[in-house]
Number of protein chains: 2
Amino acid sequence: MTLVETVYEAIREGIVLGRYAPESRLKVEPMKAEFGVSGTIVREALNRLIFEGLVIANGRRGFSVAPFSAEDLADIIRARLLIEVEVVRLSVAHGTEDWEVALVGAHHGLTRREATVDIADEASIRALEAANRAFHDQLGAACPSPTLFQFYSQLFTRHYRYRRVALREKVILREAREDHQDLLDAALVRNVERVADITRAHIERTQRFSDQLITAFDRAVPATD
Amino acid sequence: MTLVETVYEAIREGIVLGRYAPESRLKVEPMKAEFGVSGTIVREALNRLIFEGLVIANGRRGFSVAPFSAEDLADIIRARLLIEVEVVRLSVAHGTEDWEVALVGAHHGLTRREATVDIADEASIRALEAANRAFHDQLGAACPSPTLFQFYSQLFTRHYRYRRVALREKVILREAREDHQDLLDAALVRNVERVADITRAHIERTQRFSDQLITAFDRAVPATD
DNA sequence: AGTCAACATTTTATCGATAAAAATATATTT
DNA sequence: AAATATATTTTTATCGATAAAATGTTGACT
């Protein structure tokens, strides 16, 4: 793996997990030290993140983390409703037996994490989210459109940046658990429209918490300037 | 405008217009000379193009132009059918009066080019395509979802890479002309579903030429290695 | 006190050089 | 002549240094 790729992953994780706050500047000089690489590497990694919607390039004024806003969140949800629903639809329609097997496996892993998650434990939450992501990725993995899958993936990541703030709510976890079971059942019997419906509801459900998310975030991180 | 941005635009245009053939390697050393900049600049520009789907990064083996394939083209068309249709739908539903004015203007510009285009003249074709792009961009410009608009834009660019091969067909030009007039008329009376339908047909029409496009390309540019 | 301008500092954008890797050519052995 | 090993060249990935902006600060002047 190339150095740029390593740094690129690290920065992306830093942004997604909120270690770099929204709108904060991503200064090359400090990051050189942080990762022990030269400025060129950092800059190349940042350039890759621009089109992923996580980093903003401000002309001659360097880079910064993409901002949080209610509009942006609404935008992400709307786009997910269009794209992710189509991705799972196509995937369930095209999935092979191997895909089914992998899906059952991913669901099992997710179930385990859901059962044992401790809301107070950061690592446990992190593991749950990884399993959640793996399950949803697998659900869409048989989608024959690489482009749509890439869009889905990007949106999922951007959405997670917001969602993680609310991940400690027990009620969300419970509802999500039910959705996941329903998704698996419908997917296994290839009920495409039902999978689409549950996916839609699953995404829409997060909308209920949108306002809370934004205000919760504003409380946690006061304006950066 | 920063140097990286300039070079980035130049490389993108080079790829879109086929000056850099699909799958050909994008070597930093020659490009340094071509643009009169250092390797760092070229690399940063290339990194930006990765997520746009125009450039592939091959681990430690440099960069290359995204390949042409029948699957890729089908993928682009499928994604456009989903995303662009939604973009124009949202845009027509949300467009203000200023948007209407700009749309009429863009359509007028396009009509002029369509009337005077000379299939044998490269510059004339180029101008037509710019006007075509401007009209379609304006049609979707009032879409309240920046994300969906960005996806639309990326797909349009990627599709153009294929379409330009077929742009010299008179029959395509004639059919497109009719679509554009119908799109404008339906947009002005805010007939959202009609605009969506025409857009769908407009994109689907290109599908008829897909096979020809691929074989035409294969003839024009024999395998690169 | 508040505005404005000269100055100092930080930060960025960019370059040229280098070491490591990959690709290519050459030689050597069978 | 084929296959393998070795040397050579090209190309890439990476670094440290520098000039040009941008930002922040101080201090004179109203």
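Residue numbers begin at 1 in each chain, while the letters A, B, ... track the order of the sequences. All values derive from a computational prediction rather than experimental measurement.
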key: Among C:dT11, D:dA21, D:dC15, the one nearest A:R25 by side-chain distance   = C:dT11
ask   = For the pair made of CE in A:M31 and P in C:dT11, what is the distance, rounded to whole Å?
value = 13 Å
request  = Mind calculating the distance between CD (A:E29) and P (C:dT9) to the nearest angstrom?
outcome  = 16 Å
ask   = With under 30° as parallel and over 60° as perpendicular, where do the rings of A:Y162 and A:F68 fit, or are they tilted in between?
value = parallel
inquiry  = Quick check on DNA chain C: between B:R61 and B:K32, whose nearest nucleotide comes earlier from the 5' end?
reply    = B:K32
request  = Measure the distance from CG on B:L3 to P on D:dA19 and round it to the nearest whole Å.
outcome  = 17 Å
task = Looking only at side-chain atoms of B:K27, point me to the closest of C:dA22, D:dT11, C:dT14.
result = D:dT11
message = Using whole Å, what does the distance between atom P of nucleotide D:dT14 and atom CG of B:N47 come to?
response = 11 Å
Listed pairs under 3.5 Å, donor-acceptor, residues 77-84 of chain A side chains, sequence neighbours left out:
{"from": "A:R80", "atom 1": "NE", "to": "A:E84", "atom 2": "OE1", "distance (Å)": "2.7"}
{"from": "A:R80", "atom 1": "NH1", "to": "A:H159", "atom 2": "ND1", "distance (Å)": "2.7"}
{"from": "A:R80", "atom 1": "NH2", "to": "A:E84", "atom 2": "OE1", "distance (Å)": "2.9"}
{"from": "A:R80", "atom 1": "NH2", "to": "A:E84", "atom 2": "OE2", "distance (Å)": "3.2"}

key: A:N58 CG to D:dA21 P, straight-line distance once rounded to whole Å   = 18 Å
ask   = Of the nucleotides C:dT14, C:dT11, D:dT12, which one has an atom closest to the side chain of B:V28?
value = D:dT12
query = Is there a side-chain contact between B:S91 and B:L139, using heavy atoms and a 4.5 Å cut-off?
reply = no
request  = For B:R60 and C:dA19, give me the distance from atom CZ to atom C1', rounded to whole Å.
outcome  = 13 Å
ask   = Which part of the nucleic acid, if any, lies within contact of A:T40, taking any heavy atom under 4.0 Å across all strands shown: a base, the sugar-phosphate backbone alone, or nothing?
value = base
query = Among all residues two or more places apart in sequence or in another chain, which pass the side chain to side chain donor-acceptor pair (under 3.5 Å) test with A:Y20?
reply = A:E34
inquiry  = Rounding to an integer number of Å, can you tell me how far A:L46 CG sits from C:dT11 C1'?
reply    = 14 Å
remark   = The nucleotide from D:dT14, C:dC15, C:dT14 with an atom nearest the side chain of A:I41 is D:dT14
key: Nearest-nucleotide pick for B:S38, side chain only, options being D:dA22, C:dG16, D:dT14   = C:dG16
ask   = Relative to the ring of B:H180, is the ring of B:F135 parallel (under 30°), tilted (30 to 60°) or perpendicular (over 60°)?
value = perpendicular
